[in-house]
Amino acid sequence: MKKIITKQDCALKTRNIFDGITKSESNPDHEAARSFFLKSVQTRVAMLYIMAKFLEDNPVTASNVYNRLHPKFGSKSSFVTFISLGQKKGYFILNPCKKDGRKKYIIPSLAFTKHWFVFIAKFEGVPVSTNMDWDKIYNTSCCCE
């Protein structure tokens, strides 16, 4: 892992974060996903939490989200609204648990996951590889099989 040693290292990382948040893409779908993610502090924190858990192969439910983030970052109802809107826009899939059908895991769609990789690549100041094996990266199964 690269360490930040100098002021220039920190400046580069700061510029990459700024570019990731503000730089427009020619892809309108990416821009819509970016706007959804960056809408508010609450949506940023919720997306970081949901995506981190998903990419660690430990998807979460809506109750996991608001139990972890409420009340510091928003109300329970605002998290539920955010998740519902994400589902309507096609950014999330609610995957029911096979053991307990009441539990539904929040799985980002493949399209949103690809947008997320572009967004994170900008933060790192590197391009996304053109030969990604999305079948190995994207997994919709939940831990409750």
Side-chain angles (χ1 to χ4, degrees), residues 1-4 9-10 12-145:
M1 177 184 291
K2 184 179 177 189
K3 295 181 180 180
I4 295 178
D9 293 340
C10 193
L12 177 62
K13 190 66 158 178
T14 302
R15 178 178 300 254
N16 290 344
I17 292 169
F18 177 77
D19 286 347
I21 292 172
T22 62
K23 201 171 194 177
S24 295
E25 284 280 322
S26 60
N27 181 339
D29 292 332
H30 180 78
E31 286 301 300
R34 187 174 67 97
S35 292
F36 176 75
F37 163 64
L38 294 173
K39 188 180 270 188
S40 69
V41 171
Q42 177 198 14
T43 60
R44 290 177 211 136
V45 170
M47 283 307 307
L48 287 167
Y49 180 66
I50 291 166
M51 291 304 295
K53 292 296 190 180
F54 173 73
L55 294 169
E56 292 167 351
D57 293 324
N58 188 18
V60 295
T61 64
S63 59
N64 295 136
V65 173
Y66 61 71
N67 286 337
R68 173 71 171 88
L69 303 176
H70 166 75
K72 191 173 185 177
F73 296 103
S75 67
K76 287 181 180 184
S77 64
S78 63
F79 285 115
V80 170
T81 301
F82 167 71
I83 293 164
S84 294
L85 182 60
Q87 184 184 16
K88 285 179 190 170
K89 290 182 176 261
Y91 299 139
F92 300 138
I93 300 161
L94 296 182
N95 195 4
C97 176
K98 290 186 168 93
K99 291 181 182 174
D100 182 353
R102 297 171 297 169
K103 260 188 179 178
K104 293 182 178 53
Y105 290 93
I106 304 166
I107 308 295
S109 67
L110 177 58
F112 187 84
T113 302
K114 289 178 179 182
H115 294 306
W116 188 262
F117 271 62
V118 170
F119 188 74
I120 295 301
K122 284 183 185 178
F123 270 40
E124 291 299 313
V126 297
V128 175
S129 175
T130 56
N131 60 349
M132 299 282 280
D133 185 352
W134 289 104
D135 290 334
K136 288 185 179 175
I137 293 169
Y138 188 73
N139 181 7
T140 60
S141 65
C142 74
C143 57
C144 186
E145 292 298 323

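As a basis for the values below, the full set of heavy atoms in this structure was taken, side chains included, without hydrogen atoms, waters or symmetry mates.
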Legend entry - Option passing salt bridge (Lys or Arg N to Asp or Glu O under 4.0 Å) with Asp100 (candidates Lys98, Lys103, Arg102):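 Output: one option passes, namely Arg102.
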Using every non-hydrogen atom in the two residues, find where [X] and [Y] come nearest and quote the distance to one decimal.
| X | Y | value |
| --- | --- | --- |
| Gln42 | Ser78 | NE2-OG, 2.8 Å |
| Ser109 | Gly90 | OG-O, 2.9 Å |
| Pro59 | Ile107 | CB-CD1, 3.7 Å |
| Val128 | Ala121 | CG2-CB, 3.5 Å |

Between [atom1] of [X] and [atom2] of [Y], what distance do you get to the nearest 0.5 Å?
| X | Y | atom1 | atom2 | result |
| --- | --- | --- | --- | --- |
| Thr113 | Ile120 | OG1 | CD1 | 11.5 Å |
| Leu110 | Lys114 | CG | NZ | 4.5 Å |
| Ile106 | Ile50 | CD1 | CD1 | 4.5 Å |
| Thr81 | Lys88 | OG1 | NZ | 8.5 Å |
| Phe79 | Leu69 | CZ | CG | 4.5 Å |

Inset, instruction - Can you tell me which residue pairs pass the salt bridge (Lys or Arg N to Asp or Glu O under 4.0 Å) test with a partner in residues 62-80, sequence neighbours excluded? - result: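 For residues 62-80: none.
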Inset, instruction - Can you run down the salt bridge (Lys or Arg N to Asp or Glu O under 4.0 Å) pairs that involve residues 120-129, sequence neighbours left out, and say none if there aren't any? - result: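 Passing the test, one end in residues 120-129: Lys13-Glu124, Glu25-Lys122.
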Inset, instruction - Return the set of residues passing ring-ring contact (aromatic ring centres under 6.0 Å, His included) with Phe112 (not counting sequence neighbours), or none when no residue passes. - result: Tyr91
Legend entry - ring-ring contact (aromatic ring centres under 6.0 Å, His included) involving Phe82 - partner list, sequence neighbours excluded: Phe36, Phe92
Counterpart residues, side chain to side chain contact (heavy atoms under 4.5 Å, CB included), relative to [X] (two or more places apart):
| X | answer |
| --- | --- |
| Asp133 | Asp135, Lys136 |
| Ser24 | Glu31, Arg34 |
| Ser129 | Asn131, Met132 |
| Ser84 | Val80 |

Legend entry - Residues that Ser77 engages under side-chain hydrogen bond (donor to acceptor under 3.5 Å, both in side chains), provided they are two or more places apart: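 Ser77 satisfies side-chain hydrogen bond (donor to acceptor under 3.5 Å, both in side chains) with Ser75 once adjacent residues are dropped.
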Inset, instruction - Mind checking side-chain hydrogen bond (donor to acceptor under 3.5 Å, both in side chains) for Asn64 and listing every partner two or more places apart, or none if nothing turns up? - result: Thr61
Legend entry - Inter- and intrachain pairs under ring-ring contact (aromatic ring centres under 6.0 Å, His included), touching residues 14-35, at least two apart: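 Passing the test, one end in residues 14-35: His30-His115.
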Inset, instruction - Keeping to residues at least two apart or across chains, list the ring-ring contact (aromatic ring centres under 6.0 Å, His included) pairs with something in residues 42-78. - result: Phe54-Tyr138
Legend entry - pair Phe119-Leu38: side-chain heavy atoms closer than 4.5 Å: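 In contact.
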Inset, instruction - Indicate yes or no: at least one non-hydrogen side-chain atom of Lys39 is less than 4.5 angstrom from one of Leu85. - result: yes
Legend entry - Full working for side-chain contact (heavy atoms from CB on, under 4.5 Å) between Ile93 and Tyr105: CA-CA 8 Å; Ile93 300 161; Tyr105 290 93; over 6 Å; no
Inset, instruction - Determine whether more than 12 heavy atoms belonging to other residues, nucleotides or ligands lie under 6.0 Å from atom CZ of Arg15. - result: no
